[in-house]
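See below for the structure under consideration.
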2 protein chains.
Amino acid sequence: MSDKSRSGRRNNTNPESTRREILQAALEVLAKDGPESLSVTEVARRAGVNRGTAYQHFPTREDLAHATASWVSERIYDEFYGDMVEQSELSKVYPPDVALARLCNFAMNNPELSRAWLFDVMSTQGVVTDRFWKKYVKELSQFAEGGYGRENIDVEVFAFISLSSALLWPIWVGAHAKGSKARAKMQKRFMDEMMRLTLFGSLTREHYPELVERYSGPVDAEDDAAPAA
Amino acid sequence: MSDKSRSGRRNNTNPESTRREILQAALEVLAKDGPESLSVTEVARRAGVNRGTAYQHFPTREDLAHATASWVSERIYDEFYGDMVEQSELSKVYPPDVALARLCNFAMNNPELSRAWLFDVMSTQGVVTDRFWKKYVKELSQFAEGGYGRENIDVEVFAFISLSSALLWPIWVGAHAKGSKARAKMQKRFMDEMMRLTLFGSLTREHYPELVERYSGPVDAEDDAAPAA
DNA sequence: GGGGTACTAAACATCAGCGTTGACTACTGA
DNA sequence: TCAGTAGTCAACGCTGATGTTTAGTACCCC
């Protein structure tokens, strides 16, 4: 009697799905406490999988950590760029508000991936080789070089600022915003301020003629006289 | 002979200094791997102190964690605002390039405090009550309300963007910049781009009249016509 | 039905961190 | 000088994680 299904056995013949479940659980742990706190035991527990099974898929803790890292990297890329297939190469350039909304929605809907990415940035290794980061910078470069961005932009720095703050914001908000309505409102605040910032900056230029002088490249010179109007 | 100083005993009559050494070591561990990885054993080892001594100062691991957190919070505040004593209340407002340089230098010279702060932001608790954060926002508000910032700025969001990216940047850079010269160069790149961004934004406004329309508050309206010049 | 694959269960040795305890040392004050 | 106290240390038992091993069960396909 009920001998066949005893003791919560999984009976999963598909190793792929088990592997994914383990990686998903690993992502959750990773996003919670960072890569140093990732333990095989905890991951297996979360995945609802026997510890031995986890060790079957990933021989050591380090293997699991590395596999999780690259899996996360792939997932971020797919989640973010998956549905805009190969089109950005030559076709249209997304308008900045759409692109920003895309980024912010990604961050809000994927807090675990965001956290994992940020932990990776903070790790000693760095994410410079990350596919997602490289594509993001490349797209921003194309955008800027297309004449839509100011010519003396430091694209990498701007990419870093926008990316890191957009991914960190929902985390920061989640820590002290009550309901989902409040969170959505905070999300809007971020998008609005970011758009405002990229459109106009934050300083009243009239007060700082010497800074305007110093920081405006030769091409932006015509802009300096403007605020006086 | 040499019985009195046997076995590397510390012979430290001053508990304050021992406590500081422990806290300093705790900060190092905290900055390295995050709050979840903070272990009394590792901290004691780093501090060159017996584990028992650490337990005398901080009865449990949690006590050490909390004490470290508030100590770090205090240190960030002091390190950043310590030498501008009470003067910012009514007297002068620092020019934005000086303030930014101050922030960036702090981040570069105190990577551990920066990392600790960022880990705190990423923790579930949040840093909203942090003295440093509150003062930073307050100063920025005074600055903006003094007419030096655009009127429709969302100060909190802008504070978050500038603070988080300024503190995260040196960490990101440190992960893949070779010498100190390269790091200094990267630091300058960040400051330049940040100044450029706050002065001018990142978009060529001519291309986005509808965005300019949408995101410019009533007070900034006179600025819209400017770029056409 | 038999063999291979995927998973579970349980036990083991090893190691590291936690928290406690008792003893040792140095300074203090009567 | 001598007891008391504060600071420090070494050792102990406990827990939990790592990685390995062995035995066993369910499933699939030939």
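Computed over heavy atoms, backbone and side chain alike; hydrogens, waters and symmetry mates excluded. Predicted model only: the values in this text are computed from it and were never measured. Below, chain A is the first sequence line, B the second, and so on; all start at residue 1.
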Subject >> Residues Arg46(A) and Glu42(A) bridged, charged N to O under 4.0 Å >> reply: yes
Original post:
Does atom OH of Tyr148(A) have more than 12 heavy-atom neighbours from other groups under 6.0 Å away?
Top reply: no
Original post:
Does CZ in Arg183(A) sit with more than 12 non-hydrogen atoms of other residues, nucleotides or ligands closer than 6.0 Å?
Top reply: no
Original post:
Between Thr60(B) and Tyr55(B), is any side-chain donor less than 3.5 angstrom from a side-chain acceptor?
Top reply: no
Spacing of [X] atom [atom1] relative to [N] atom [atom2], expressed in whole Å:
X: Glu21(A); N: dA6(C); atom1: CD; atom2: P; value: 15 Å
X: Asp63(B); N: dC18(C); atom1: CG; atom2: P; value: 13 Å
X: Phe58(B); N: dG17(C); atom1: CZ; atom2: C1'; value: 18 Å
X: Gln56(B); N: dA6(D); atom1: CD; atom2: C1'; value: 8 Å
X: Asn50(B); N: dA11(D); atom1: CG; atom2: P; value: 10 Å

**OP:** Could you give me the CA-CA distance, side-chain angles and deciding distance for Phe132(A) and Tyr77(A), then say whether ring-ring contact (aromatic ring centres under 6.0 Å, His included) is met?
**Re:** CA-CA 5 Å; Phe132(A) 170 60; Tyr77(A) 188 92; 7.5 Å; no
**OP:** Compare side-chain N and O positions of Thr53(B) against OP1 and OP2 of dG7(D) and report whether any pair is under 4.0 Å apart.
**Re:** no
Original post:
If only side-chain N and O atoms of His57(A) are considered, is one of them under 4.0 Å from the OP1 or OP2 phosphate oxygen of dC7(C)?
Top reply: yes
Original post:
Just checking, Arg115(B) and Trp117(B): is the charged tip under 6.0 Å from the six-membered ring centre and within 45° of the axis?
Top reply: no
Subject >> Sugar-phosphate, base or nothing in reach of Arg19(A), heavy atoms under 4.0 Å >> reply: nothing
What's touching nucleotides 18-21 of chain D from the protein side, N or O pairs under 3.5 Å?
{"from": "dT18(D)", "atom 1": "OP1", "to": "Val40(A)", "atom 2": "N", "distance (Å)": "2.7"}
{"from": "dT18(D)", "atom 1": "OP2", "to": "Thr41(A)", "atom 2": "N", "distance (Å)": "3.0"}
{"from": "dT18(D)", "atom 1": "OP2", "to": "Thr41(A)", "atom 2": "OG1", "distance (Å)": "2.5"}
{"from": "dG19(D)", "atom 1": "OP2", "to": "Tyr55(A)", "atom 2": "OH", "distance (Å)": "3.4"}
{"from": "dG19(D)", "atom 1": "OP2", "to": "Arg61(A)", "atom 2": "N", "distance (Å)": "2.8"}
{"from": "dG19(D)", "atom 1": "N7", "to": "Arg51(A)", "atom 2": "NH1", "distance (Å)": "3.4"}
{"from": "dG19(D)", "atom 1": "O6", "to": "Arg51(A)", "atom 2": "NH2", "distance (Å)": "2.9"}

